[in-house]
K.L.:
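Have a look at this one.
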Amino acid sequence: EVQLVESGGDLVQAGGSLRLSCAVSGFGYDDCAIGWFRQAPGKEREGVSCISMSDGSTAYADSVKGRFTISSDNAKNTVYLQMNSLKPEDTAVYYCAFLFRLGGASSLLPGDYDYWGQGTQVTVAS
C-alpha cells in the first residue's frame, strides 16, 4: 500500500519561504505522479503543483507559478515543494497525493489521485 507523509508546514511571515516534503513509500514503479494540493477553511481542495515520476514533467496552478517549485529526489523517494514569496492567501493545509497512471502523466485534479497524506499546515501571517 502506498503511504505518503508530509512535513515542513509552519507559520511564516508574508514574503517568506517554506519547503514542504512528501516522503512516499510502498511503490516501486515509474508510472506514477505526485501532486501537491491545498485546502483552506471553507474552500474546496485545489491543485497546486504536480510532477510526473516517469519523465519529470511538472505543472503549476496559475496562482503559484513563479513562486513555487516542485522537485523530486528519487533516491530518497521524496517530493518537495519549495514555496517562496508566500502570501496570506497561501494559508491552507497542504496535502501530497499519489496517482498511478500508465505513462506517469500528472494532473492537478484531486479526483484523479489514489492515495493521500495526512496534510501539513501552512500559515502565512500578513
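Numbers here simply count residues along the sequence, with the first being 1. Treat the numbers as computed from the prediction; the structure is a model and nothing was measured.
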K.L.:
Would you find a donor on one side and an acceptor on the other, under 3.5 Å apart, between the side chain of R19 and the backbone of Q82?
P.N.:
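Not confirmed, R19 side chain does not pair with Q82 backbone.
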K.L.:
Taking E6 for its side chain and C96 for its backbone only, find out whether a donor-acceptor pair lies under 3.5 Å.
P.N.:
yes
K.L.:
Can you confirm whether Y80 sits close enough to I70 that some side-chain heavy atom of one is under 4.5 Å from a side-chain heavy atom of the other?
P.N.:
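No - every pair of side-chain heavy atoms lies 4.5 Å or more apart.
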K.L.:
Please tell me if the side chains of D90 and R67 come closer than 4.5 Å, counting only heavy atoms from C-beta onward.
P.N.:
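Answer yes - side chains close enough.
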K.L.:
Are M53 and N74 close enough that some pair of their side-chain heavy atoms sits under 4.5 Å apart?
P.N.:
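M53 reaches N74 side chain to side chain.
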K.L.:
Are T78 and D73 close enough that a side-chain donor and a side-chain acceptor fall under 3.5 Å?
P.N.:
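Side chains of T78 and D73: no pair found under 3.5 Å.
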K.L.:
Is there a path of hydrophobic side-chain contacts, each under 4.5 Å between heavy atoms of I, L, V, M, F, W or Y residues, that connects L20 with L11?
P.N.:
no
K.L.:
What closest approach, in Å, do Q118 and V5 show between heavy atoms, and which atom pair accounts for it?
P.N.:
OE1-CA, 3.8 Å
K.L.:
Test of understanding: clusters of I, L, V, M, F, W, Y form through side-chain heavy atoms closer than 4.5 Å, transitively. Do V79 and V93 belong to the same one?
P.N.:
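As far as the 4.5 Å side-chain criterion goes, V93 and V79 are not connected within one cluster.
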K.L.:
When hydrophobic residues are tied together by side-chain contacts of less than 4.5 Å, even through go-betweens, does M83 share a cluster with L108?
P.N.:
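Cluster IDs for M83 and L108 differ.
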K.L.:
Specify the closest pair of heavy atoms between S17 and S85, including all atoms of both residues, with the distance to one decimal.
P.N.:
OG-N, 4.3 Å
K.L.:
Taking all non-hydrogen atoms of both residues into account, name the closest pair between A14 and S126 and its distance.
P.N.:
CB-CA, 4.3 Å
K.L.:
Out of F27, W36, F37, which one pairs with F98 under the ring-ring contact (aromatic ring centres under 6.0 Å, His included) rule?
P.N.:
F27
K.L.:
Is there a side-chain contact between D114 and V2 (heavy atoms, below 4.5 Å)?
P.N.:
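No - every pair of side-chain heavy atoms lies 4.5 Å or more apart.
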K.L.:
Using a 4.5 Å cut-off on heavy atoms from C-beta on, say whether the side chain of D10 contacts that of V122.
P.N.:
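No, side chains not in contact.
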K.L.:
Hey, quick one: are L18 and Y60 part of the same hydrophobic cluster, counting side-chain heavy atoms closer than 4.5 Å, chains of contacts allowed?
P.N.:
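Same cluster.
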K.L.:
Indicate whether any N or O donor in one side chain lies under 3.5 Å from an N or O acceptor in the other, for T91 and E89.
P.N.:
no
K.L.:
Closer than 3.5 angstrom, by distance alone: can the side chain of D112 be matched with the main-chain N or O of S107 as a donor-acceptor pair?
P.N.:
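A pair under 3.5 Å: no.
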K.L.:
Which heavy-atom pair separates S52 from S106 by the least distance, and what is that distance?
P.N.:
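Scanning both residues, the minimum pair turns out to be N-CB, 4.1 Å.
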K.L.:
Pick one: which of L4, I34, L99 meets side-chain contact (heavy atoms from CB on, under 4.5 Å) with Y113?
P.N.:
L99
K.L.:
Restricting to non-hydrogen atoms, name the atom on G56 and the atom on I51 that form the minimum distance, rounded to 0.1 Å.
P.N.:
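So the minimum-distance heavy-atom pair works out to O-CG1, 4.0 Å.
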K.L.:
Check whether Y94 forms a cation-pi arrangement with R38 (NZ or CZ under 6.0 Å from the six-membered ring centre, at most 45° off the ring normal).
P.N.:
no
K.L.:
Any idea which heavy atoms bring L81 and S49 closest together, and the distance?
P.N.:
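Heavy atoms only, the tightest pair is CD1-CB, 4.1 Å.
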K.L.:
To the nearest 0.5 Å, tell me how far C32 SG sits from Y115 OH.
P.N.:
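Here the rounded value is 11.5 Å.
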K.L.:
Is any side-chain heavy atom of N84 closer than 4.5 Å to one of F68?
P.N.:
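Side chain of F68 against side chain of N84, heavy atoms only: no contact under 4.5 Å found.
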